[in-house]
Amino acid sequence: MASRPELVAPPEIFYDDAEARKYTSSSRIVEIQASLSERALELLALPDDGIPKLLLDIGCGSGLSGETLSENGHHWIGLDISPSMLNVAVEREVEGDLLLGDMGQGLGLRPGVIDGVISISAVQWLCNADKSSHNPILRLKAFFTSLYRCLANGARAVFQIYPENINQRELILKAAMRAGFAGGIVVDFPHSTKKRKEFLVLTCGQRAVNSMPEGKDDDGESCSDDDSEDEENQTVRVSDRHRPQKKQKWNKSGKGKEWIKRKKEQMRRRGNAVPPDTKYTGRKRKDRF
């Protein structure tokens, strides 16, 4: 496709009857969807206990990703905003339960019932304001907040995304962190322009893992993207944050001690001369002597 579909029209309009059937009948797209879904399922790291899990497929479309979940023995619920896509899924007799809805308005699911979430090429649509009433920040907040609520403790959510720029990546990641998730970006094939894939891997609850999975390279081996990250991509590193505290202490400039240390570390990486950290770093000065 020559241009990004999210720049052409809103999803419920772009994926009309003709586009939905064209999308589902393309053998290339079917193969790509299956590959991405398998990788997302791998990153979910579900326990190998032989018990089927209840998974949520956000932006399920015509059920191509759901077929991968069914083949792996799991039950799933699919959510999509396009009626045409869901009609094709019904015609194909997919095994999952299908819901018509806008993820930007939140997920109407019971708390703690979902064991894992995958999403292929869908979340970045929330970064666009397709209507005058749309606010990307508020829509991302509604989505991630409701997603956190419906996930079981310690469950993961894996989103394959293709953000248009670094600002979109930061917008999505920050919204997830503010909702209480821990996680970060996993990059497969970081040194390839065509094969590069980004996955946002999130974990909720107090059993959130401390380590992140690594991306894959051309040989299928695990790799780290540290060497290829430029300065602006430093903002997408892993965060081990859980629920944000309601109250935080700030100095008068609005910048806390951790913010100051983070900025000093960025300056050191750029080769600038920066004073060493001491017990006085970030300490609030008295109003007067």
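The two atoms that bring S65 and Q33 nearest to each other are OG-NE2, 3.1 Å, heavy atoms only. Heavy-atom minimum distance, D130 versus P11: OD2-CD, 3.9 Å. In terms of heavy-atom proximity, L43 sits nearest to R156 at O-NH1, 2.6 Å. A pairwise comparison of heavy atoms in P276 and K264 identifies O-NZ, 3.6 Å as the closest pair. Nearest approach of A152 to C204, heavy atoms of both residues: O-SG, 3.3 Å. Heavy-atom minimum distance, G61 versus D80: N-OD2, 2.8 Å.
Less than 6.0 angstrom separates the ring centroid of Y148 from the ring centroid of F181.
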**Request:** Carefully, step by step, assess S119 and I161 under the rule side chain to side chain contact (heavy atoms under 4.5 Å, CB included).
**Result:** CA-CA 8 Å; S119 179; I161 58 175; over 6 Å; no

**Item:** Residues Q160, S121; criterion side chain to side chain donor-acceptor pair (under 3.5 Å); working and verdict
**Value:** CA-CA 6 Å; Q160 187 270 320; S121 303; 2.6 Å; yes

**Message:** Run the side chain to side chain contact (heavy atoms under 4.5 Å, CB included) test on L140 and L171 for me, step by step, so that the C-alpha distance in whole Å, both residues' side-chain angles and the decisive distance to 0.1 Å come before the verdict.
**Reply:** CA-CA 8 Å; L140 284 165; L171 188 65; 3.5 Å; yes

**K131/H134 under side chain to side chain contact (heavy atoms under 4.5 Å, CB included): CA gap, chis, key distance, verdict** = CA-CA 5 Å; K131 301 178 181 178; H134 283 183; 3.7 Å; yes

**Request:** Determine, step by step, whether F199 and L36 satisfy the side chain to side chain contact (heavy atoms under 4.5 Å, CB included) criterion, reporting the C-alpha distance in whole Å, the side-chain angles of both residues, the deciding distance to 0.1 Å, and the verdict.
**Result:** CA-CA 10 Å; F199 294 87; L36 293 174; 4.1 Å; yes

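Of the charged side-chain nitrogens involved, at least one lies within less than 4.0 Å of a carboxylate oxygen, so that E67 and R92 count as a salt-bridged pair. We find that R270 and E265 are not joined by a salt bridge, their nearest charged nitrogen and carboxylate oxygen being 4.0 Å or further apart. Between K261 and D277 no salt bridge is recorded (no basic side-chain N to carboxylate O distance below 4.0 Å).
With hydrogens and angles ignored, the 3.5 Å screen pairs no side-chain donor or acceptor of T24 with any backbone N or O of R21. The closest donor-acceptor contact from the side chain of N87 to the backbone of P83 lies under 3.5 Å. The main-chain N or O of F189 is never found under 3.5 Å from a side-chain atom of S192 such that the two would form a donor-acceptor pair. One N or O on the side chain of N135 and one on the backbone of I137 form a donor-acceptor pair closer than 3.5 Å. T145 places no side-chain N or O within 3.5 Å of a backbone atom of A142 that could act as its donor or acceptor partner.
Within the model, atoms CD of E164 and CD of Q124 stand 10.0 Å from one another, a figure rounded to the nearest 0.5 Å. The distance from atom NE2 of H75 to atom CG of D97, rounded to the nearest 0.5 Å, is 10.0 Å. Going from atom OG of S37 over to atom CD1 of I32 covers 11.5 Å, rounded to the nearest 0.5 Å. Residue S70 holds its OG atom at 4.0 Å from CD of E95, rounded to the nearest 0.5 Å. Considering SG of C60 and CH2 of W76, their distance stands at 5.5 Å, rounded to 0.5 Å. Atom CZ of F159 and atom CD1 of I185 lie 10.5 Å apart (nearest 0.5 Å).
In this model, no donor atom of one side chain and acceptor atom of the other lie less than 3.5 Å apart for D16 and S84. If you check the side chains of T68 and E38, you find no donor sitting under 3.5 Å from an acceptor.
When hydrophobic clusters are built by joining Ile, Leu, Val, Met, Phe, Trp and Tyr residues whose side-chain heavy atoms come closer than 4.5 Å, directly or via intermediates, V201 is grouped together with I118. No continuous path of hydrophobic side-chain contacts links L126 to L138 [ILVMFWY only; heavy atoms under 4.5 Å]. Note on I81 and L147: separate hydrophobic clusters, where clusters join Ile, Leu, Val, Met, Phe, Trp and Tyr whose side-chain heavy atoms are under 4.5 Å apart, directly or indirectly. Residues V90 and L69 share a hydrophobic cluster, clusters being chains of Ile/Leu/Val/Met/Phe/Trp/Tyr side chains in contact below 4.5 Å. If you chain together hydrophobic residues whose side chains sit under 4.5 Å apart, I77 and L202 fall into the same group.
Under the 4.5 Å side-chain criterion, counting only non-hydrogen atoms from C-beta, F144 is not in contact with R178. Counting heavy atoms from C-beta on, the side chains of E198 and R169 come closer than 4.5 Å. Contact annotation: the side chain of L200 never approaches that of V158 to less than 4.5 Å [non-hydrogen atoms, C-beta and beyond]. Put simply, the side chain of L41 reaches to within 4.5 Å of the side chain of L46, judged on heavy atoms.
In the displayed structure, E31 atom CD is contacted under 6.0 Å by at most 12 heavy atoms of other residues, nucleotides or ligands.
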Compile the donor-acceptor pairs under 3.5 Å between side chains in residues 47-59 and protein atoms, sequence neighbours left out, one pair per line.
residue : atom : partner : partner atom : Å
D49     : OD1  : I51     : N            : 3.1
D49     : OD2  : K53     : NZ           : 3.1

Name the atoms and distances for all side-chain donor-acceptor pairs under 3.5 Å in residues 98-110, with sequence neighbours left out.
residue : atom : partner : partner atom : Å
D102    : OD1  : G104    : N            : 3.0
D102    : OD1  : R139    : NH2          : 3.1
D102    : OD2  : R139    : NH1          : 3.0
D102    : OD2  : R139    : NH2          : 3.3

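In this pair, W125 and Y15 present their aromatic rings tilted. The plane angle is within the 30 to 60° band.
With respect to D188, the salt bridge (charged side-chain N to carboxylate O under 4.0 Å, His left out) criterion is satisfied by exactly one of R39, K197, K195: R39.
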